[in-house]
Amino acid sequence: MYFTSDNAVGAAPEILDAIVAANDGSLPSYGADPMMAQVESRVAEIFETECRVFLVSTGTAANALALASLSPPWGAVFCHRHAHIEVDECGAPEFFGGGLKLALLHGQDAKIAPDALRAAIADTGAGGVHQVQPAALSLTNVTEAGALYRADEVAALSEIARDANCAVHLDGTRFANALVASNASPADMSWRAGVDVLCLGATKNGALAAEAVIFFDPERQADRIAQFEYRRKRGGHLVSKGRMLSAQMAAYLKDDLWLKLARHSNDAAARLAAGLRRIDGVRIENSVEANMLFVHLPLSVHRALQAGDARYYLEPPSQSDEGNGESVRVRFVTSFSTSDESIDAFLSIAATA
Ligand SMILES: Cc1ncc(COP(=O)(O)O)c(C=O)c1O
């Protein structure tokens, strides 16, 4: 009954097996192994276009190094005020970006509204050398509030950004969950919608530790790609036994394992939501399209679940364990390995509280 995050579980067996299989023999290091070449061609096939792919071992490194390649130190990166790059990366984008500035936007469900983006871009940089200059837009899909951007919403925001000469970055830590929830193709949800760089997460969806930074349209982005390679090395993310990362990513993408795992995770969230909706006094705040739920739990239910050793986070974490005196707001996240049994055990405790 562990619903804290999708990284509270280990790795998918297929990915562990691939690491073990990659362990034999000697191979070129630093990403020059044959599995990395397979990853590049598989990514090109999945996304139906030419691209360059780089692997790193954390989502923070993927985001921060990607943004540093998209923005000069005097650039503004527009993002939601709840974006992971703002809230949970300890200033890594600003650090790797040499002081670039995150320009924070508001919006329901951690989604950026087109008008808010337009206004923020218009408000930024007109003072010339006295101000940071619009440089990039960063979106997260699935958002930090568990919501989805549809492909046409990504396209609308990208168009505004591109009209202002801003690059478009997508934090796709849960990109697979967004795809299966919206039935969009990887291409429609990324480069066809104007995304320049996608940080494709795998760790939260079954890998041990592997994230892919994908640059679309490599000819146009040659300078950014060249920069990225040096930045990745300087940032300590050019892993010497690179095959251990490429083996994970190759297995993740093989036979659409990534989509199968995300489908499981989203289905588990739907099962949990359906059960919670039957319990008196429980209110689910979001529409549960992917694998995250934001829920108001009556204190009696919260107490019973805690006593039953269920794990989940208060949201926000700064909230008292008494919530507002009647209920607490909590976050549940399901994963590729959440079992029906654990959900049912959790629901039966909640139902009898
Ligand atoms: C939306 C989002 N982006 C990026 C990350 C990157 O995480 P990490 O650096 O922990 O791998 C996370 C992890 O919680 C996330 O939820």
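Atoms within each ligand, like the ligands themselves, are counted from 1 in listed order.
Hydrophobic clustering, with ILVMFWY side chains joined whenever heavy atoms are under 4.5 angstrom apart, groups L299 together with V295.
E285 and H296 share a donor-acceptor pair across their side chains, judged by distance under 3.5 Å alone. Side chain to side chain, N291 and D6 meet the donor-acceptor criterion of an N or O pair below 3.5 Å.
In this structure, atom 12 (C) of ligand 1 lies nearest to the protein heavy atom H84 NE2, 3.1 Å. In terms of protein heavy-atom proximity, atom 16 (O) of ligand 1 is nearest to R174 NH1, 3.3 Å. Counting protein heavy atoms only, atom 11 (O) of ligand 1 is closest to G59 N, 2.9 Å. At the top of the distance list for atom 4 (C) of ligand 1, counting protein heavy atoms only, stands T173 OG1, 3.1 Å. In terms of protein heavy-atom proximity, atom 3 (N) of ligand 1 is nearest to D171 OD2, 2.6 Å.
Listed by number with element, the atoms of ligand 1 under 4.0 angstrom from any heavy atom of E89 are 4 (C). Residue contact check: T140 has heavy atoms under 4.0 Å from atoms 1 (C) of ligand 1. The T58 neighbourhood of ligand 1 comprises atoms 9 (O), 11 (O), with distances under 4.0 Å to a heavy atom of that residue.
Relative ring orientation between W258 and Y252 is described as tilted, the plane-to-plane angle lying within the 30° to 60° band. Using cut-offs of 30° and 60° on the angle between ring planes, the pair F332 and Y312 is perpendicular. Relative orientation of the W191 and F216 rings is tilted, given thresholds of 30° and 60° on the angle between their planes.
Under the 3.5 Å distance criterion, the side-chain polar atoms of T338 are left unmatched by any main-chain donor or acceptor of T334.
By the criterion of a heavy-atom distance under 4.0 Å, neither the backbone nor the side chain of T203 is placed next to ligand 1. Contacts between T60 and ligand 1, counted as non-hydrogen atom pairs separated by less than 4.0 Å, involve both the backbone and the side chain.
Checking only distances, E144 never comes within under 3.5 Å of ligand 1, N or O to N or O.
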side-chain hydrogen bond (donor to acceptor under 3.5 Å, both in side chains) assessment of E144 paired with T140 = CA-CA 7 Å; E144 289 76 0; T140 309; 3.0 Å; yes
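Considering E211, M292, K204, H82 only, the shortest heavy-atom separation from atom 14 (O) of ligand 1 involves K204.
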